[in-house]
Amino acid sequence: MSLSEQEIIRREKLAHLQSMGIDPYPAPLFPVSHYSEDAKKQYSDNNNEAFDVVVAGRIMSINDKGKVFFIKIQDAKGIIQCYIKRDEICPEEDNKILFDEVVKKADLGDIIGVKGYMFTTKTGEISIHSKEVTLLSKSLKPLPVVKRDEEGNVFDEVTDPEFRYRQRYADLVINPHVRETFAKRTKLMNSIRTYLNDMGALEVDTPVLQSIPGGAAARPFITHHNALDIPLYLRIANELYLKRLVVGGFDFVYEFSRNFRNEGMDRTHNPEFTVLEFYVAYKDYIWMMETTEQLLEKVALATNNKTLLTVGDNEIEFKAPYKRISIYDAIKEHTGIDVSGMDETGLREVCKQLNIHVEASSGKGKLIDEIFGEKCEKHYIQPTFIIDYPVEMSPLTKKHRSKAGLVERFELMVNGKEIANAYTELNDPIDQRARFEEQSKLMERGDDEAMFIDYDFLRALEYGMPPTAGIGFGIDRLTMLMTNESSIQDVLFFPQMRPEKMD
RNA sequence: GAUUUCGUAGCUCAGCUGGUAGAGCACAUCACUUUUAAUGAUGGGGUCUUGGGUUCGAAUCCCAACGGAAUCACCA
């Protein structure tokens with residue numbers, strides 16, 4: 001590892017501090033009394049009346065005026081300026097060591113603690129009049145310097161995605177909006193927890209390592225358990241486990257499930273991603289649509305204090321209720337073709353006509369899905385429920401109460417992307433077994449995303465599962481909508497990247 | 001996985017048709033006891049991602065590798 005000039009200088013400073021008897025990484029707790037923003041607010045709320053504060057944070061700018069320093073430190077809530085006068089922090093004439101060693105040699109990125117009192121500078125900035133300065137952690141690696149002027153204009157902003165994703169810790173320090181995005185992500189998840197808990201739901205944990213990767217159609221990551229000498233899969237969904245819990249008598253369960261799929265990566269796909277699934281006994285998909293509308297409205301309010309949000313170039317209204325349209329009507333609307341009565345041959349003909357490329361292994365369900373995905377999906381900007389899917393593409397969904405060949409399923413489309421998928425759950429064990437067997441045939445045909453048969457799940461259904469409604473929400477995509485980010489990497493702290501070569 | 005494109009100091013970037021590199025910020029030294037993208041003076045820092053090739057000569061042209069991004073494929 002070769003060090004840059006600046007890194008060498010910082011290491012020399014570190015050694016010098018130690019030789020002067022100053023510990024650059026002290027152990028004792030530092031008695032912080034305020035966060036920056038709270039201190040400033042308390043000061044202005046009380047007619048600028050001075051009071052003592054103790055704050056700590058990272059040095060983000062240093063203004064060296066000789067015997068006086070203005071140092072801005074950043075803590076979890078914001079930035080505050082510290083006015084540091086030599087004769088005040090080192091009143092004894094013969095001992096200016098603290099000022100000379102800690103303040104004069106401070107680097108951007110150092111973490112310091114400051115004791116003092118609140119005051120306003122001549123230029124009108126609420127600051128801390130420092131009486132004591134303590135080095136709490138020496139920074140050895142220079143942070144990229146981003147400057148801001150009074151109007152909030154940013155200079156030399158670090159936008160290089162590689163730097164930002166690989167060194168998220170540094171990105172978080174220098175780009176305040178990134179911290180906001182992730183704070184919103186947590187707010188979003190908390191608002192969902194509150195909503196579901198208030199309805200009486202129980203948050204649960206189910207296995208990530210599964211011997212049968214069920215509940216969805218996707219290529220799994222595979223690993224090996226040594227003691228049992230068996231293959232295990234990282235879950236692609238938790239659906240079948242949550243339903244087992246409904247069989248067991250938990251009427252309303254939910255889980256934020258980290259799922260893993262061994263597929264491509266792009267702006268909307270990361271190999272691991274988060275899905276909220278919840279299952280409610282004695283409900284159906286119509287109830288679930290109403291619940292979904294209510295939930296999303298609440299989420300929008302919790303994260304943005306409003307329901308009309310700007311997402312990219314679009315204005316999206318999250319206020320309930322949302323439009324509902326059947327998948328066949330959607331296809332008819334955007335292609336002019338009625339595919340409702342068609343068999344596989346007819347559908348293949350339509351795909352050809354519409355110039356949609358399809359695999360030879362695709363069955364009827366997948367063909368319809370292709371047509372919808374290619375021609376319709378992108379048009380649904382405002383939240384829209386696409387409902388009543390053909391039975392072939394929904395092996396875990398109950399048959400429609402009145403429409404033959406369809407199932408009680410909806411997908412919620414927002415901004416041209418699917419963000420939720422819900423069913424009246426299939427609880428007929430005989431029918432479920434038949435559907436699994438259909439999947440088996442698809443697998444034999446070469447569809448490597450068809451579902452495995454989970455016999456234990458069938459056994460659970462045979463004991464009897466109450467009629468149940470269930471849903472899965474793409475939490476990462478929902479976060480993208482709520483934070484107006486266009487890439488999944490911007491809503492994941494540490495998006496997957498090719499490992500870096502460190503020499 | 002395919003195609004396109006990018007890779008120059010710690011950071012943001014400039015470097016025209018090939019003649020061994022520049023700016024601002026950051027950094028170092030000095031001055032300044034209420035500054036604010038502080039200011040002024042001086043100075044240091046780059047095997048131009050890596051490896052080949054063409055050439056008298058390559059950051060600049062060609063090939064390959066590595067890494068990123070975009071589009072496509074697969075999918076949520």
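Here the structure is a predicted model, which means the values were calculated and not measured.
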Taking a pair as Watson-Crick or G-U wobble with both distances under 3.5 Å, which nucleotide is matched to [N]?
{"N": "B:U39", "result": "B:A31"}
{"N": "B:G44", "result": "none"}
{"N": "B:U17", "result": "none"}
{"N": "B:G51", "result": "B:C63"}
{"N": "B:A70", "result": "B:U3"}

Carboxylate-amine/guanidinium contact A:D171 A:R168, below 4.0 Å: yes

Presence of salt bridge, A:R86 and A:D100, under 4.0 angstrom: no

Specify the separation, in whole Å, of atom [atom1] of [X] and atom [atom2] of [N].
{"X": "A:E150", "N": "B:A38", "atom1": "CD", "atom2": "P", "value": "10 Å"}
{"X": "A:E239", "N": "B:A76", "atom1": "CD", "atom2": "C1'", "value": "14 Å"}
{"X": "A:K65", "N": "B:A38", "atom1": "NZ", "atom2": "P", "value": "12 Å"}
{"X": "A:E374", "N": "B:C74", "atom1": "CD", "atom2": "P", "value": "8 Å"}
{"X": "A:K417", "N": "B:A76", "atom1": "NZ", "atom2": "P", "value": "13 Å"}
{"X": "A:K366", "N": "B:C74", "atom1": "NZ", "atom2": "C1'", "value": "8 Å"}
{"X": "A:M497", "N": "B:C66", "atom1": "CE", "atom2": "P", "value": "16 Å"}
{"X": "A:I9", "N": "B:G45", "atom1": "CD1", "atom2": "P", "value": "11 Å"}

Could you check which of [options] has an atom nearest any side-chain atom of [X]?
{"X": "A:N63", "options": "B:A76, B:A69, B:U35", "answer": "B:U35"}
{"X": "A:S4", "options": "B:A28, B:G10, B:A37", "answer": "B:G10"}
{"X": "A:V158", "options": "B:A37, B:A69, B:U12", "answer": "B:U12"}
{"X": "A:K122", "options": "B:U35, B:C27, B:A76", "answer": "B:U35"}
{"X": "A:R498", "options": "B:A37, B:G67, B:A26", "answer": "B:G67"}
{"X": "A:D156", "options": "B:C27, B:A38, B:G24", "answer": "B:G24"}
{"X": "A:T121", "options": "B:C27, B:A76, B:U34", "answer": "B:U34"}
{"X": "A:K13", "options": "B:A28, B:A26, B:G67", "answer": "B:A28"}

Non-hydrogen side-chain atoms of A:I371 and A:I356 separated by less than 4.5 Å: yes

Within-4.5 Å side-chain heavy-atom neighbours: A:V391 and A:L406: no

Pair A:Y233-A:F221, ring-ring contact (aromatic ring centres under 6.0 Å, His included): steps then yes or no: CA-CA 6 Å; A:Y233 303 87; A:F221 283 95; over 10 Å; no

Select base, sugar-phosphate, or nothing to describe what [X] touches, counting heavy atoms under 4.0 Å on all strands.
{"X": "A:R166", "answer": "sugar-phosphate"}
{"X": "A:Q6", "answer": "base"}
{"X": "A:F69", "answer": "nothing"}
{"X": "A:Q81", "answer": "base"}
{"X": "A:G264", "answer": "base"}
{"X": "A:N270", "answer": "base"}
{"X": "A:D64", "answer": "base"}
{"X": "A:N153", "answer": "nothing"}

Between [M] and [N], how far apart are the [atom1] atoms? Round to whole Å, please.
{"N": "B:C62", "M": "B:U4", "atom1": "P", "value": "13 Å"}
{"N": "B:A64", "M": "B:C27", "atom1": "P", "value": "43 Å"}
{"N": "B:C13", "M": "B:A9", "atom1": "C1'", "value": "11 Å"}
{"N": "B:G24", "M": "B:G40", "atom1": "P", "value": "11 Å"}
{"N": "B:U42", "M": "B:U8", "atom1": "P", "value": "30 Å"}
{"N": "B:G53", "M": "B:U17", "atom1": "P", "value": "25 Å"}

Ring-base stacking, A:F155 with B:A37 (5.5 Å, 30° cut-offs): yes

Residue-phosphate contact under 4.0 Å: A:Q489 side-chain N/O, B:A69 OP1/OP2: yes

OP1 or OP2 of B:U71 under 4.0 Å from side-chain N/O of A:R267: yes

side-chain hydrogen bond (donor to acceptor under 3.5 Å, both in side chains) between A:Y285 and A:D388, worked out: CA-CA 10 Å; A:Y285 79 138; A:D388 296 343; 2.6 Å; yes

Donor on one side chain, acceptor on other, A:R10 and A:S139, under 3.5 Å: yes

Polar side chain donor-acceptor pair, A:R409 to A:T397, under 3.5 angstrom: no

Residue closer to the 5' end of RNA chain B, A:A106 versus A:S61 (nearest nucleotide): A:A106

Most 5' of A:D160 and A:H129 on RNA chain B, judged by nearest nucleotide: A:D160

Aromatic ring pairing A:F51/A:H34, orientation class (parallel under 30°, perpendicular over 60°, tilted between): tilted

N/O donor-acceptor pairs under 3.5 Å from side chains in residues 57-67 of chain A, not counting sequence neighbours:
unit_1: A:R58; atom_1: NH1; unit_2: A:G109; atom_2: O; d: 2.9
unit_1: A:D64; atom_1: OD1; unit_2: A:G66; atom_2: N; d: 2.8

Residues within residues 130-149 of chain A bordering RNA chain B, heavy-atom distance below 4.0 Å: A:P144, A:V145, A:K147, A:R148, A:D149

Side-chain donor-acceptor contacts of residues 113-120 of chain A below 3.5 Å, not counting sequence neighbours, with atom names and distances?
unit_1: A:Y117; atom_1: OH; unit_2: A:H129; atom_2: ND1; d: 3.3
unit_1: A:T120; atom_1: OG1; unit_2: A:Y43; atom_2: OH; d: 2.9

